[in-house]
Number of protein chains: 2
Amino acid sequence: MQLDNFLCFAIYSANHAFTRVYKPLLDELDLTYPQYLVMVVLWEKDDQTVGSLGEKLFLESSTLTPMLKRLEAMGYVARVRDKVDERQVRVRLTETGRALKEKARGVPLGIADATGMEPAEIVRLKQEIAALRASLLR
Amino acid sequence: MQLDNFLCFAIYSANHAFTRVYKPLLDELDLTYPQYLVMVVLWEKDDQTVGSLGEKLFLESSTLTPMLKRLEAMGYVARVRDKVDERQVRVRLTETGRALKEKARGVPLGIADATGMEPAEIVRLKQEIAALRASLLR
DNA sequence: TCCGATTAAATCGCACGCGATATATATAAG
DNA sequence: CTTATATATATCGCGTGCGATTTAATCGGA
């Protein structure tokens, strides 16, 4: 029953540490870390519904809706009701949003660098943690 | 440049997953997950300053002060100015706060269970992530 | 066709978490 | 002793995150 023995705390604090490392890199793009993750998902596949983004990011609409409105206000995405199913909102990159991908090109390398880990090691650790996440959500 | 390849996202989402697993267990204790972490630190060593808690938890006073006030309002801790150095606030467990440790006894086991991992494996992964955190903060 | 059930977002209230700043106390330098 | 500096918390504003609820649209069955 000691904090240093908690796997959860290691993850909790490592997550904060990542946020700190990302901050100066993302300031250049005027993005917060969660907003950056949304953009990554959209750069990967444009024109997704709020629900689809939520599934991939493990976030609720109550979190995404305000975030997406901020990204829209900044001119990076557009939110449009689906013509076929008006319940859904489709999120699309604007030209500016698409262009931002270039500016963000160097970010992952800067992060990988800060981890001080070998690429293969990063992949392995990432997979272990993804497996842990799956167990927890089971 | 794909979300699934991001170590940071694995950690980000695993952290959320942990929070979800903790929720039902901590509801019994009327604690949030970050509040629980504070209590763990205090159960380990009572009568600490805000700064000391912040060092161990990697949190700022701007985060801790409101949290500690809530824990105080719930009757789990007392906040008292240090007589010798009036700049410091000492955080002490109340009788109720100390007693809560017994009620929380089963929590770590429930969590370890949800990870689906062997104890030794948990320790190893925890150490790897703690090392990563150290690199990131460097 | 019509009405109840389901689904997708949005809204609301609350609790983090932090950067920037303010306030109060302690320390140091002369 | 006095003033400048440093330190410890607290405050403020903003952006997540989520559970609970609401709103609007769609689907399903009689």
Side-chain angles (χ1 to χ4, degrees), chain A residues 8-9 12-24 26-27 29-39 48-55 57-74 76-77 79-91 137, chain B residues 8-9 12-24 26-27 29-39 48-55 57-74 76-77 79-91 137:
Chain A
C8 64
F9 175 68
Y12 168 88
S13 52
N15 184 47
H16 292 166
F18 263 121
T19 304
R20 262 174 236 185
V21 174
Y22 266 110
K23 180 86 169 57
L26 296 183
D27 277 352
L29 313 177
D30 265 310
L31 289 176
T32 65
Y33 173 51
Q35 286 168 1
Y36 169 71
L37 294 178
V38 170
M39 294 302 288
Q48 297 193 55
T49 64
V50 174
S52 159
L53 295 174
E55 253 179 68
L57 293 160
F58 301 95
L59 294 176
E60 306 295 320
S61 73
S62 45
T63 299
L64 281 171
T65 298
M67 250 177 73
L68 293 170
K69 284 185 175 175
R70 277 179 214 113
L71 288 173
E72 185 176 43
M74 287 189 290
Y76 290 152
V77 307
R79 295 159 61 249
V80 284
R81 285 276 162 192
D82 189 303
K83 285 285 176 238
V84 179
D85 185 343
E86 294 246 341
R87 290 172 305 179
Q88 300 186 7
V89 166
R90 309 205 69 89
V91 183
L137 295 180
Chain B
C8 65
F9 176 68
Y12 168 88
S13 50
N15 184 47
H16 292 166
F18 263 121
T19 304
R20 263 174 235 185
V21 174
Y22 266 109
K23 180 87 170 57
L26 296 183
D27 277 352
L29 312 178
D30 266 312
L31 289 176
T32 64
Y33 173 51
Q35 285 168 3
Y36 169 72
L37 294 178
V38 170
M39 293 303 287
Q48 297 193 56
T49 64
V50 174
S52 159
L53 294 174
E55 253 179 67
L57 292 161
F58 301 96
L59 294 176
E60 306 294 321
S61 73
S62 45
T63 301
L64 281 171
T65 298
M67 253 178 71
L68 293 170
K69 284 186 176 177
R70 276 177 217 113
L71 288 173
E72 185 175 44
M74 289 189 288
Y76 290 152
V77 307
R79 295 160 60 250
V80 284
R81 284 277 162 191
D82 190 303
K83 285 286 175 233
V84 180
D85 185 343
E86 294 247 340
R87 290 172 304 180
Q88 301 186 5
V89 166
R90 307 205 71 88
V91 183
L137 295 180

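Source: prediction; values computed, not measured. Below, chains carry the letters A, B, ... as their sequence lines are ordered, and counting in each starts from 1.
Phosphate proximity of dA25(D) to K83(A): absent, as no side-chain N or O sits under 4.0 Å from OP1 or OP2. Using a 4.0 Å cut-off, some side-chain N or O of Q35(A) falls inside it from OP1 or OP2 of dT16(D). Within the 4.0 Å cut-off from OP1 or OP2 of dC16(C), at least one side-chain nitrogen or oxygen of R70(B) is found. Taking 4.0 angstrom as the limit, Y12(B) places a side-chain polar atom (N or O) nearer than this to OP1 or OP2 of dG17(D). Using a 4.0 Å cut-off, some side-chain N or O of T32(B) falls inside it from OP1 or OP2 of dC16(C). Put simply, R79(A) has no side-chain N or O that comes within less than 4.0 Å of OP1 or OP2 on dA9(C).
Rounding to the nearest 0.5 angstrom, the gap separating the CG atom in L26(B) from the OG1 atom in T19(B) is 9.5 Å. Taken to the nearest 0.5 Å, the CG atom of D85(B) stands 9.5 Å off from the OG1 atom of T49(B). Atom OG1 of T65(B) is separated from atom CZ of R79(B) by 6.5 Å, given to the nearest 0.5 angstrom.
Side-chain atoms of V91(B) and L71(B), non-hydrogen and from C-beta on, never get closer than 4.5 Å to each other. In this structure the side chain of V77(A) reaches within 4.5 angstrom of the side chain of M39(A), judged on heavy atoms. Residues T32(B) and M67(B) have side chains not in contact (no heavy-atom distance under 4.5 Å, counting atoms from C-beta outward). Taking the side chain as every heavy atom from C-beta outward, V38(A) and L31(A) never approach each other to under 4.5 Å.
In this structure, N15(A) atom CG and dC16(C) atom C1' are separated by 12 Å, rounded to whole Å. M67(A) has its CE atom 10 Å from the C1' atom of dG17(D), to the nearest Å. Put simply, CZ on F18(B) is 19 Å from C1' on dC18(D), counting in whole angstrom units. Taking atom CG of residue L64(A) and atom P of nucleotide dG15(D), one finds them 16 Å apart after rounding to whole Å. The distance between atom CG of L26(B) and atom P of dG19(D), rounded to the nearest whole Å, is 13 Å. The separation between D27(B) atom CG and dC18(D) atom P is 15 Å, rounded to whole Å. Between the NZ atom of K69(A) and the C1' atom of dT16(D) there is a distance of 15 Å, rounded to whole Å. Counting to the nearest Å, the C1' atom of dA25(D) and the CZ atom of R81(A) are 9 Å from each other.
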Please write out the pairs of protein N or O atoms and N or O atoms of nucleotides 19-22 of chain C separated by less than 3.5 Å, giving the distance to one decimal.
{"from": "dG19(C)", "atom 1": "O6", "to": "S62(B)", "atom 2": "OG", "distance (Å)": "3.1"}

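Summary of the strand contacts: V50(A) and F58(B) both lie near DNA chain C, and taking for each the nucleotide with the nearest heavy atom, the more 5' one is attributed to V50(A). For the pair L59(B) and R90(A), nearest-nucleotide mapping onto DNA chain C gives the more 5' position to R90(A). Each of L68(B) and D85(A) has a nearest nucleotide on DNA chain D; the 5'-most of these lies closest to L68(B).
Looking at heavy-atom distances under 4.0 Å, V84(B) makes contact with sugar-phosphate atoms alone, never a base. Counting any heavy atom pair closer than 4.0 Å across all strands shown, T19(A) reaches no nucleic acid atom.
A distance below 6.0 Å separates the ring centres of Y22(B) and Y36(B).
You'll find a donor-acceptor pair under 3.5 Å spanning the side chain of R87(B) and the base of dT7(D), going by distance alone.
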